[in-house]
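Each residue takes its place number in the sequence, starting with 1. Since this is a predicted model, take the numbers as computed values, not measurements.
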Amino acid sequence: MLQRKTLGSCRDEAVAAVLAAGRRRPSVVPMAGQDPTLSTSHPFYDVARHGILQVAGDDRCGRRIVTFSCCRMPPSHELDHQRLLEYLKYMLDQYVENDYTIIYFHYGLNSRNKPSLGWLQSAYKEFDRKYKKNLKALYVVHPTSFIKVLWSLFKPLISHKFGKKVTYVNSLSELREHLKCEQLTVPPEVLRYDEKLQRLHEGRPPPSAKTPPPRPPLPTQQFGVSLQYLKDKNQGELIPPVLRFTVTYLREKGLRTEGLFRRSASVQTIREVQRLYNQGKPVNFDDYGDIHIPAVILKTFLRELPQPLLTFQAYEQILGITCVESSLRVARCRQILGSLPEHNYVVLRYLMGFLHAVSRESIFNKMNSSNLACVFGLNLIWPSQGASSLSALVPLNLFTELLIEYYENIFSAPEAPRGHGLAPQEQGGRAAPLQEAVLQIQATALTKPSLPPSPPTAARRRF
């Protein structure tokens, strides 16, 4: 049976209070949730598309039920929590004038998607008595011990009356004792988790895990989507906007920065920049006053590609680079790159041209081709299953170092790998669209800001 408790979770109650808050608006807006007809023109499409909030019928007392599903919250860098708060207000204004009930599905809240404690505290302070009063019951489904730990921190902020409205529910079968569960839209992840708990309670093995279907990306999404998706959403542009913007900025202002690409940056700032890019908003790196932020953003973009830039198929070939005689390794690199998809080749060429320019300023930035390879190796290639072993780091980094150090030889037009040739006559006297793009990139790839020529450097190390 359910038990009402005066002690509750500050996090759960804060989320409940967020749901209960809002400013009155004259119009009534239908709940979108995961409605397939949800339009991208919706003012809160970036939040509504996740289906975090649902309106699901009435309870046994005729009160409207609102559900909040943590498992549908994406990672923090993909969701602006302030926008989430505004969306909750926007959608719930039509319900909070009357008594209502909230069901909070706690399963799925983790370190990657949870709001900060400061955000919860400030959000709770926005709520007035009217919204707290009309919230008649808050059911916390599948609570964890972490909830009670947080209570001690937020207890001074939570009223005694509000705490009495909280009911902890350990299973969906318990929830059915109070609500018409047939009206609820319970996320599949919660159903599977509940079944797992029931099986464990009964001594049966848990069911096999199933991966939920991925959510569709935003039209302006930049991180975590394929090169093809970015090309389709950017008028056929081959170089992804994030890559072009960061490279351009670093060429102009960061080539001589010591430790470029080796220094870290604020995680919170990186997530904020990712949010801006994913929402199609402009990013001005000058506003952050840290040259290492665009450098980290560039690495993050590469690391979050669904498939590595050098592709899964090339992984085993690259591991064999150490078995090739030193004098033949550059030729072997060209051969491996010849099997890349043309789009990947164009993007790789653009990136390596920039990293080659960085290495030419190594007397100032201390980032020669070897140091850059140590940073970028695992951001360009990784296996399709699991992580790269320690033994794989040597060939992966060596291959990357060769691409940077011998950029001009490996990517030179006259001897470009098969399938990526740049001579128009090879295509019947007319360059293909991708080849024309490569020609254009070739013309600008090594453009650098006006700087004094680098001092002579020692002869290149033999590989």
Exercise. Where do Leu310 and Asn344 land on the side-chain contact (heavy atoms from CB on, under 4.5 Å) test, with the steps shown first?
Worked result: CA-CA 7 Å; Leu310 286 169; Asn344 292 60; over 6 Å; no

Problem set entry | Step-by-step side chain to side chain donor-acceptor pair (under 3.5 Å) determination, His106 to Tyr104 | CA-CA 6 Å; His106 181 66; Tyr104 169 73; 3.1 Å; yes

For this session: Under the side chain to side chain donor-acceptor pair (under 3.5 Å) rule, what do Asp194 and His142 come out as? Steps first, then yes or no, please.
Result: CA-CA 8 Å; Asp194 187 76; His142 300 135; 2.9 Å; yes

Problem set entry | Residue pair Ile321, Cys333: steps toward the side-chain contact (heavy atoms from CB on, under 4.5 Å) verdict | CA-CA 8 Å; Ile321 193 67; Cys333 288; 4.2 Å; yes

Exercise. Can you check side-chain contact (heavy atoms from CB on, under 4.5 Å) on Arg49 and Leu218, steps first, answer last?
Worked result: CA-CA 9 Å; Arg49 70 192 183 96; Leu218 286 168; 3.3 Å; yes

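Phe301 pairs by the ring pair (Phe, Tyr, Trp, His ring centres under 6.0 Å) definition with nothing, not counting sequence neighbours. Residues meeting the ring pair (Phe, Tyr, Trp, His ring centres under 6.0 Å) test with Phe376, sequence neighbours left out: Phe261. Evaluation of the side chain to side chain donor-acceptor pair (under 3.5 Å) rule for Glu237 yields Arg244 as partners, not counting sequence neighbours. Residues passing the salt bridge (Lys or Arg N to Asp or Glu O under 4.0 Å) test with Arg262: none are found, sequence neighbours excluded. Every side chain to side chain donor-acceptor pair (under 3.5 Å) that Asn368 has, sequence neighbours left out, goes to Asn371. Under the side-chain contact (heavy atoms from CB on, under 4.5 Å) criterion, Pro308 pairs with Phe312, Ile381, Trp382, not counting sequence neighbours. Remark: Leu378 pairs with Ser388, Leu393, Leu396 by the side-chain contact (heavy atoms from CB on, under 4.5 Å) rule, at least two apart or across chains. Not counting sequence neighbours, the partners of Ser171 by the side chain to side chain donor-acceptor pair (under 3.5 Å) test are Ser173. Not counting sequence neighbours, the partners of Asp232 by the side chain to side chain donor-acceptor pair (under 3.5 Å) test are Gln228.
Residue pairs meeting the ring pair (Phe, Tyr, Trp, His ring centres under 6.0 Å) criterion with at least one member in residues 218-245: none, sequence neighbours excluded. Residue pairs meeting the salt bridge (charged side-chain N to carboxylate O under 4.0 Å, His left out) criterion with at least one partner in residues 271-280, sequence neighbours excluded, are Glu272-Arg275. Residue pairs that meet the salt bridge (charged side-chain N to carboxylate O under 4.0 Å, His left out) test with at least one member in residues 286-313, sequence neighbours left out, are Lys253-Asp286.
Considering all non-hydrogen atoms of both residues, Pro294 and Leu250 come closest at CG-CD2, 3.9 Å. Considering every non-hydrogen atom in both Tyr277 and Gln222, the closest pair reads O-CG, 3.4 Å. Nearest approach of Val358 to Asn365, heavy atoms of both residues: O-ND2, 2.9 Å. Across Ile336 and Gln317, no two heavy atoms sit closer than the pair CD1-O, 3.7 Å. Here the closest non-hydrogen pair linking Pro187 and Ser69 is CG-OG, 3.2 Å. Closest of all the heavy-atom pairs between Ile52 and Pro74 is CD1-CD, 4.4 Å.
For the pair Leu172/Leu191, a side-chain contact is recorded, criterion being any heavy-atom separation below 4.5 Å from C-beta on. Two residues are said to be in side-chain contact when any heavy atoms from C-beta on lie closer than 4.5 Å; Tyr139 and Ile102 fail this criterion. Inter-residue side-chain proximity for Leu348 and Leu337 is flagged as met; some heavy-atom pair is nearer than 4.5 Å.
In this structure, CG on Leu84 lies 9.5 Å from NE2 on His50, to the nearest 0.5 angstrom. Taking CE of Met352 as the start and CG of Leu402 as the end, the distance is 11.5 Å to the nearest 0.5 Å. Of the inter-residue distances, the one linking Glu258 atom CD with Leu260 atom CG reads 11.0 Å to the nearest 0.5 angstrom. One distance of note links CG of Leu372 with CG of Leu403; it measures 12.0 Å at 0.5 Å rounding. Rounded to the nearest 0.5 Å, atoms OH (Tyr249) and CG (Leu298) are 14.0 Å apart. The line from CZ of Phe285 to OG1 of Thr248 is 10.5 Å long, rounded to the nearest 0.5 Å.
The environment of CD in Gln268 is sparse: at most 12 heavy-atom neighbours from other residues, nucleotides or ligands sit within 6.0 Å.
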